[in-house]
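Let me begin by presenting the structure, written as structure tokens, before commenting on it.
Sequential numbering from 1 along the given sequence is applied to the chain's residues. Atoms within each ligand, like the ligands themselves, are counted from 1 in listed order.
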Amino acid sequence: MGEILVTGGAGFIGTHTCIALLQAGYSVVILDNLCNAKQESLLHLQEITGKSIPFYHMDIRNADGLRQIFQTHHISAVLHFAGLKAVGESVQQPLRYYQNNIGGMMTLLEELQKTDCRTLIFSSSATVYGTQHTAPYAETVTPLSASNPYGETKIISEQLLQDLCQADSDWHITALRYFNPIGAHESGLLGEEPHGIPSNIAPYLALVASGQLPYFRVYGNDYDTPDGTGVRDYVHVMDLAEGHVSALQYSIQHAGFSVFNLGTGSGCSVLELANMYEAVSGKPIPLKIFPRRAGDV
Ligand code: NAD
């Protein structure tokens, strides 16, 4: 087995998955342009695992750079996390999202095609189920639909990967549709720490609990849920990380395009989560209700 290239490996899910990969005995190479991650996270990753990990500070759309990585390392599989993920931002900046998420994927696939590596795990999202279906969502459900450009990039990427597998039976590709990754490695050295004001719930709660933000913004209390706030299936990031190791082992053995959901199967509301965070941390979490956020299902 060669090395595993982890694109976006300095980010939230990428760093935690690298821990799981290294613990399972795989060697890892990380590529990240650090547009939403800190280099410091790589130091923490090395501290936790005791391993030195080759790191390329590079954009996924840099074809020459990718070629150099494939020439330097024997890459036998790619875990593709690199992408932009803020739903609201994608509504405001669709071009940037399509360029980064679809353009990035296409450059990666074009360069991969010049190598003998045909195994890829793609970070998709449960957002592809849109609003037409009711939970629980089976992977086979159609049609997929998105309520924002971010979700569209995931649907288009999945379609592209499926078409590629259809055209060439050598590919082994798995798309993982994550529900809501949350939490941190037990060391406390890693976690979710995006640049700027977070649009994901857990880092936002952390900033309020630690007094860096004055209150927690609840987007919408008029949803058709028991307490009116959005209900989500939150999945611990280390469980998700282990899911990637399983998906990698599965993909190595199975040609073609496969899709799996990664979630727990049970939901929790925004208010329940905020109240639990307050109870466990012992820190006050003041709340303010805002209108529903554009693009949220
Ligand atoms: P993240 O922002 O923490 O990690 C993504 C990483 O990719 C960042 O480190 C960023 O710097 C890097 N990156 C972005 N564009 C790049 C580019 N063009 N070239 C190189 N590096 C680039 O996000 P995450 O939560 O770890 O998400 C990882 C993947 O999982 C994303 O594709 C995201 O869409 C998907 N996903 C995330 C969630 C979630 O709630 N966190 C849910 C479903 C799917």
N/O to N/O below 3.5 Å, does that happen between Asn180 and ligand 1?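 In this structure, Asn180 places no N or O atom under 3.5 Å from an N or O of ligand 1.
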Using distance alone, decide if ligand 1 has a nitrogen or oxygen within less than 3.5 Å of any nitrogen or oxygen in Ile60. yes
For His16 and Phe81: C-alpha separation, side-chain torsions, deciding distance, then whether ring pair (Phe, Tyr, Trp, His ring centres under 6.0 Å) applies. CA-CA 12 Å; His16 291 81; Phe81 295 98; over 10 Å; no
If the threshold is 4.0 Å, N to carboxylate O, is there a salt bridge linking Arg61 and Glu110? no
Give the single entry among [options] that approaches [atom] most closely by any heavy atom.
atom: atom 41 (N) of ligand 1; options: Met105, Lys85, Gln99, Arg177; result: Lys85
atom: atom 8 (C) of ligand 1; options: Asn33, Asn100, Val6, Asp32; result: Asp32
atom: atom 14 (C) of ligand 1; options: Gly14, Gly83, Gly65; result: Gly83

What part of [X] sits under 4.0 Å from ligand 1 if we count only heavy atoms: the side chain, the backbone, both or neither?
X: Leu34; result: backbone
X: Arg61; result: side chain
X: Met58; result: backbone
X: Ala126; result: neither
X: Asp59; result: both

Against the six-membered ring of Tyr219, is Arg292 placed for a cation-pi contact (under 6.0 Å from the centre, within 45° of the normal)? no
Is it possible for you to check whether Arg177 lies under 6.0 Å from the centre of the six-membered ring of Phe260, through NZ or CZ, and within 45° of that ring's axis?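 Output no; distance or angle outside limits.
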Under 3.5 Å, is there a donor-acceptor pair between the side chain of Thr127 and the main chain of Gly151?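 Checked: no pair found.
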Between Glu111 and Arg67, is there a donor-acceptor pair closer than 3.5 Å when you use the side chain of the first and the backbone of the second?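 Looks like no, no N/O pair under 3.5 Å.
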Any idea which atoms of ligand 1 are less than 4.0 Å away from a heavy-atom of Gly11? 3 (O), 4 (O), 9 (O)
Show your reasoning for whether salt bridge (Lys or Arg N to Asp or Glu O under 4.0 Å) applies to Lys38 and Glu192. CA-CA 11 Å; Lys38 298 189 176 118; Glu192 191 176 3; over 6 Å; no
